[in-house]
Amino acid sequence: MDIPRAVANFRFFATAILHESSEAHVTDARALNYTLRHPMGVAGLISPWNLPLYLLSWKIAPAIAAGNTCVAKPSELTPLTSNRLAELSLEAGLPPGVMNIVHGYGAKAGAAICEHPDVPLISFTGGTVTGAKVAAAAAPLFKKLSLELGGKNPNLIFADADLDDAIATSIQSSFANQGEICLCGSRIFVERAIYDTFVERFVAATRKLRIGDPSAPDTDVGALISEAHLQKVTGYLDLAKEEGGTIVTGGNRVDRDGFFLEPAVITGLGCECRVLQEEIFGPVVTITPFDGDDEAIRSANSTRYGLSATVWTRDLQRAHRVAAAMHAGTVWINCWLLRDLRVPFGGMKESGVGREGGLESLHFFTEAKNVCVKLA
Ligand code: NAD
């Protein structure tokens, strides 16, 4: 996913900039106002490890398309693909100095970018706690800021859903990339009438997932990024038991080199539990029953995050009603991770501020100026 989608980002923004337009307003026949958009200068771009090239190219491509140079810092855990990108950009003819890749730890290299007075704009993707530090560093310098942060995304399954599709896609949305995608649906809520059936079928499908070498085509679940992250994830499995939950399947270490963990399904926990409140970012989902639309919406919105949500129903009116009620920057109805790069992408609440994607990105990476010309 990482490389093809990085290619798509470059192609998309290379074309999008050709369609950029400017507004003009005639003011009572007395004046003409038009908007100029200027590049900002040096764009500071910081990204995480989970889709390392895709997430960085999502920032680099619009930044340079809009006429900026950039200083981009990938995660210290995944430096290699961006290095290769820098080499290829020179080969492709990008002038030296336009795309600068800086490696280093967040607290040092990342902080230096955020604090630098000659970097007027920061686009950051990463955890919510780090996002707060980035915002604090950028605020006194009044930098333009986009923060794409963590998520704890709900996946609502209503009783009238196409269950085959809902289960197959929910397996993807729960465990793709070992659950290390910010858009993974980690809290599944199922209408009570189909709860037992759903749990039984979902658990059976989870047990069929093949764990192994991530570069093998028939592998479904690879290793987690690091030992520290594995410990964080298994810590939440311990917490789930302490909070009274049941690990219905998975959660054991796999006996092979690397930080492999069986995908885990937890039941018996309510929305107030820490396991349903805090981002785990691994192959762990909870399943909780609900009764009716109101409880579904309350449950979905019961965290401080608001990145994405998924709704499964065949009732058209309910689909639109529930989508409108979600505190989430993206709502998928009867699908997951279908992305159109033209639409605004970002989070609500503690999942971030600002929107990127399509024109929003091109506007983010430019500064608007109004020119008012007196006509008469
Ligand atoms: P992280 O916040 O630890 O690190 C992200 C980046 O910030 C890294 O490059 C890191 O070096 C840097 N950094 C760390 N401290 C910094 C500081 N003080 N100043 C500036 N930069 C600093 O996140 P992570 O563990 O690499 O990634 C996982 C997180 O990213 C999860 O919370 C996930 O939800 C989130 N994420 C969000 C999106 C989204 O689009 N909203 C996409 C992918 C991942």
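Counting convention: from 1, in listed order, for ligands and their atoms alike. Keep in mind that the numbers below use all heavy atoms, side chains included, and drop hydrogens, waters and symmetry copies.
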With respect to atom 3 (O) of ligand 1, which of T130, I122, T330 exhibits the smallest heavy-atom separation?
T130
What atoms of ligand 1 come within less than 4.0 Å of a heavy atom belonging to K73?
9 (O), 10 (C), 11 (O)
When you measure from the side chain of K73 to the backbone of A109, do you find a donor-acceptor pair of N or O atoms at a distance under 3.5 Å?
no
For ligand 1, which atoms have a heavy atom of A111 less than 4.0 angstrom away?
19 (N), 20 (C)
Quick check: does W49 get an N/O under 3.5 Å from an N/O on ligand 1?
yes
Can you name the atoms of ligand 1, numbered from 1 with element, that are less than 4.0 Å from a heavy atom of F124?
2 (O), 6 (C), 7 (O)
Is the backbone N or O of N155 less than 3.5 Å from a side-chain atom of T310, with the two atoms forming a donor-acceptor pair by type?
no
Side-chain heavy atoms of L85 within contact of T81, under 4.5 Å
no
Is atom 7 (O) of ligand 1 close to the protein, meaning a heavy atom under 4.0 Å from it?
yes
Backbone N/O of S361 and side chain of E356: donor-acceptor pair under 3.5 Å
no
Can you check whether E76 has an N/O within less than 3.5 Å of an N/O in ligand 1?
yes
In terms of heavy-atom contacts, C70 and I64 come closest through SG-CG2, 4.3 Å
Side chains of Y305 and E279: do they bring a donor and an acceptor to under 3.5 Å?
no
Out of F281, F345, Y305, Y105, whose heavy atom is nearest to atom 33 (C) of ligand 1?
F281
Is there a nitrogen or oxygen of C114 sitting under 3.5 Å from a nitrogen or oxygen of ligand 1?
no
Taking the six-membered ring of W58, is the NZ or CZ of R339 close enough (under 6.0 Å from the centre) and on axis enough (within 45°)?
yes
Going by distance alone, is a donor N or O of one side chain under 3.5 Å from an acceptor N or O of the other, for T286 and R187?
no
Going by distance only, is there an N or O of G104 that falls short of 3.5 Å from an N or O of ligand 1?
no
Looking only at heavy atoms, what is the nearest atom pair of N68 and A63, with distance?
ND2-O, 2.9 Å
What protein heavy atom lies closest to atom 17 (C) of ligand 1? Include the residue and the distance to one decimal.
G106 O, 3.4 Å
Check whether L269 and V284 end up in the same hydrophobic cluster, where Ile, Leu, Val, Met, Phe, Trp and Tyr are linked by side-chain heavy atoms less than 4.5 Å apart.
yes
is_close_aromatic(W49, F281), centroid dist under 6.0 Å
yes
Proximal atoms of ligand 1 relative to P74 (non-hydrogen, under 4.0 Å)
9 (O)
Nearest neighbour in protein (non-hydrogen) for atom 36 (N) of ligand 1
C182 CB, 3.6 Å
Can you tell me the protein heavy atom closest to atom 35 (C) of ligand 1 and the distance?
G126 O, 3.2 Å
Is it true that a side-chain atom of E191 and a backbone atom of A159 form a donor plus acceptor pair closer than 3.5 Å?
yes
Return the residue, atom name and 0.1 Å-rounded distance of the protein heavy atom closest to atom 34 (O) of ligand 1.
E279 OE2, 2.5 Å
Residue and atom name of the nearest protein heavy atom (relative to atom 9 (O) of ligand 1), distance in Å to one decimal:
S47 O, 2.8 Å
Within the structure, does T125 bring an N/O atom to less than 3.5 angstrom of an N/O atom in ligand 1?
no
Can you sort out which atoms of ligand 1 are near L307, meaning under 4.0 Å from one of its heavy atoms?
41 (N)
Would you check if there is a donor-acceptor pair between the side chains of K152 and T303 at a distance under 3.5 Å?
no
Just which atoms of ligand 1 are under 4.0 Å from any heavy atom in E148?
37 (C), 39 (C), 40 (O), 41 (N)
Quick one: which ligand 1 atoms are inside 4.0 Å of a heavy atom on S75?
9 (O)
N50 versus ligand 1: do any nitrogen or oxygen atoms come within less than 3.5 Å of each other?
no
If we only count N/O pairs under 3.5 Å, is G127 in contact with ligand 1?
yes
Show me which atoms of ligand 1 lie under 4.0 Å from any heavy atom of G110.
19 (N), 20 (C), 21 (N)
Could you see which bit of L77 sits under 4.0 Å from ligand 1, with heavy atoms only: side chain, backbone, both or neither?
neither
Any cation-pi pair here, R192 with Y195, using under 6.0 Å and within 45°?
no
With a cut-off of under 6.0 Å to the ring centre and 45° to the axis, is R355 in cation-pi contact with F345?
no
What about T128: any of its N or O atoms under 3.5 Å from an N or O on ligand 1?
no
Within the distance-only criterion (no hydrogens, no angle test), does the side chain of T219 pair as donor or acceptor with the backbone N or O of G222 below 3.5 angstrom?
no
List the closest protein heavy-atom neighbour of atom 27 (O) of ligand 1: residue, atom name, distance to the nearest 0.1 Å.
P48 CB, 3.1 Å
Which protein non-hydrogen atom lies closest to atom 41 (N) of ligand 1, naming both residue and atom, and how far is it?
L149 O, 2.8 Å
